[in-house]
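To keep things clear, I will list the structure first and then write my remarks on it.
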Amino acid sequence: MALQERLRTLVTHTGPSIEDVRRLGGLDVSYSKDGSRLSAAVVVLDMGTLNVEQVTTYEDTPKFGYVPGLFSFREAPPLLAALENVDPLPDVLLCDGHGIAHPRRFGLACHIGVITGIPTIGVAKQAMIGHYEEPDGPQGSWSPLMDAGKVIGRALRTADNVKPVFVSIGHKISLDTACDIVVHSTPKYRIPQPIRLADQASRHVLRAGTVT
DNA sequence: GCGACAG
DNA sequence: ATCTTGTCGC
C-alpha cells in the first residue's frame with residue numbers, strides 16, 4: 001500500500017488525442033480452474049480497422065493472491081512479462097481492471113502505465129469504489145463515477161442497453177479521450193474488442209495445456 | 001462496529 | 001478469476 005501511495009504521485013492525466021492513436025493494446029489474465037497456473041495475454045489491434053496485428057501470451061504460476069486493492073501485484077508482473085515480447089508497442093493499453101478509481105487511486109491500469117510509460121486506460125466490469133447514476137440506454141451514454149466529492153471515472157454504456165463498464169484513467173491520458181477510445185473499440189459486444197480478444201487468447205492458452 | 005471489496 | 005444451470009434474443 002505504501003508503494004501504491006508513492007507511485008500514484010507519478011500518474012499524469014494528459015496524453016495523446018484519439019487521432020494520435022495508431023495501435024491499441026488489450027491486456028488480460030486467465031487462471032486454470034484450480035488456480036495453479038495463469039496466462040497473460042496482450043493483443044495489438046489497428047486503431048482504424050480493429051484488425052489484429054499481434055497476439056502475445058506469457059504463462060506462469062501466480063505469485064500473489066487476489067486481495068482487493070492490491071490486484072495489480074497479482075496481474076501486473078505477468079502482463080509486463082508478456083509486453084516484453086510485443087513489438088511494436090501499442091500507443092495505448094486497455095487494462096481489465098480499474099485505473100485511478102481505486103481506494104488509493106492506483107489500480108492495475110495506473111501500475112502498468114507508470115512502469116511502462118505507455119498511456120493506459122482502466123476498464124472494469126464492476127465498480128470498486130464510488131457512486132454513480134445509471135447512464136441512459138444508448139451506446140456512448142455515461143455518468144460520472146464519484147468518490148469523496150471527486151470524479152474518479154465514468155460508468156459508460158459500451159453498447160445499447162447492456163450493463164455499463166467503468167472507465168478510469170490509468171496514466172498519460174484524459175478521461176474524455178479514454179472514453180472515446182473505449183467506445184471506438186467496442187463495435188459489437190459489451191467488452192472492448194482488445195480486452196475481449198486478450199481474454200480469449202489467455203484462456204485458450206490454458207486449455208491448450210490441458211490433457212483431454 | 002458494519003458493510004464493501006477490480007479480477 | 002472459475003464453476004453451474006437455465007433463459008432470452010438474434
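Each chain gets a letter, A, B and so on, in the order the sequences are listed, and its residues count up from 1. Because the structure is predicted, anything quoted here is derived from the model rather than measured.
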What nucleic acid atoms does A:Gly35 come within less than 4.0 Å of, heavy atoms only: base, sugar-phosphate, or nothing?
nothing
Go through it in stages, so that I can follow the logic: the residues are A:Asp34 and A:Arg37, the test is salt bridge (Lys or Arg N to Asp or Glu O under 4.0 Å), and I'd like the CA-CA distance, side-chain angles, deciding distance and then a yes or no.
CA-CA 8 Å; A:Asp34 67 357; A:Arg37 295 183 302 143; 5.9 Å; no
Please name the pair of heavy atoms, one in A:Ala198 and one in A:Gly26, separated by the smallest distance, quoted to 0.1 Å.
CB-O, 3.5 Å
Rounding to a whole Å, what distance do you find between A:Arg37:CZ and C:dA1:C1'?
14 Å
Quick one: A:Ile112 CD1 to B:dA6 P, roughly how many Å, whole number?
18 Å
Under the criterion of centre distance below 5.5 Å and interplanar angle below 30°, is A:Phe71 classified as stacked on the base of B:dG7?
no
Search all heavy atoms of A:Leu50 against all heavy atoms of A:Leu45 and return the closest pair with its distance.
O-CD1, 3.6 Å
Short side-chain N/O contact to B:dG7 OP1/OP2 from A:Lys125, under 4.0 Å
yes
Side-chain donor or acceptor of A:Arg157 paired with backbone N/O of A:Val162 under 3.5 Å:
yes
Output the rounded distance in Å from CD (A:Gln126) to P (C:dA1).
10 Å
Mind checking if A:Leu108 touches a base, just sugar-phosphate, or nothing, with heavy atoms under 4.0 Å?
base
Do the side-chain N or O atoms of A:Tyr31 get closer than 4.0 angstrom to the phosphate oxygens (OP1, OP2) of B:dG7?
no
Can you give the dot-bracket line for DNA chain B, where a pair is Watson-Crick or G-U wobble with both atom distances under 3.5 Å, crossing pairs use [ ], and | marks a partner on another strand?
.......
Which one of A:Asp96, A:Ile121, A:Leu27 satisfies the side-chain contact (heavy atoms from CB on, under 4.5 Å) criterion with A:Ile195?
A:Asp96
With a 4.0 Å cut-off on heavy atoms, is A:Leu70 in touch with a base, just the backbone sugar-phosphate, or nothing at all?
base
What's the CG-P distance between A:Asp147 and B:dA6, to the nearest Å?
14 Å
Contact class for A:Asp96 (heavy atom, under 4.0 Å): base, sugar-phosphate, or nothing?
sugar-phosphate
Can you measure A:Arg74 atom CZ to C:dT2 atom C1' for me and round it to whole angstrom units?
11 Å
CZ of A:Phe73 versus C1' of B:dA6: gap in Å, rounded?
14 Å
Interatomic distance where CZ belongs to A:Arg196 and P belongs to C:dA1 [whole Å]:
13 Å
Round to the nearest Å and state the distance from A:His102 atom NE2 to B:dC5 atom C1'.
10 Å
Donor-acceptor under 3.5 Å (A:Arg6 side chain, A:Met1 main chain)
no
Using the side-chain heavy atoms of A:Pro68, tell me which of these nucleotides is nearest: B:dC5, C:dC3, B:dG7.
B:dC5
Going by heavy atoms in the side chains, are A:Val43 and A:Pro194 under 4.5 Å from each other?
no
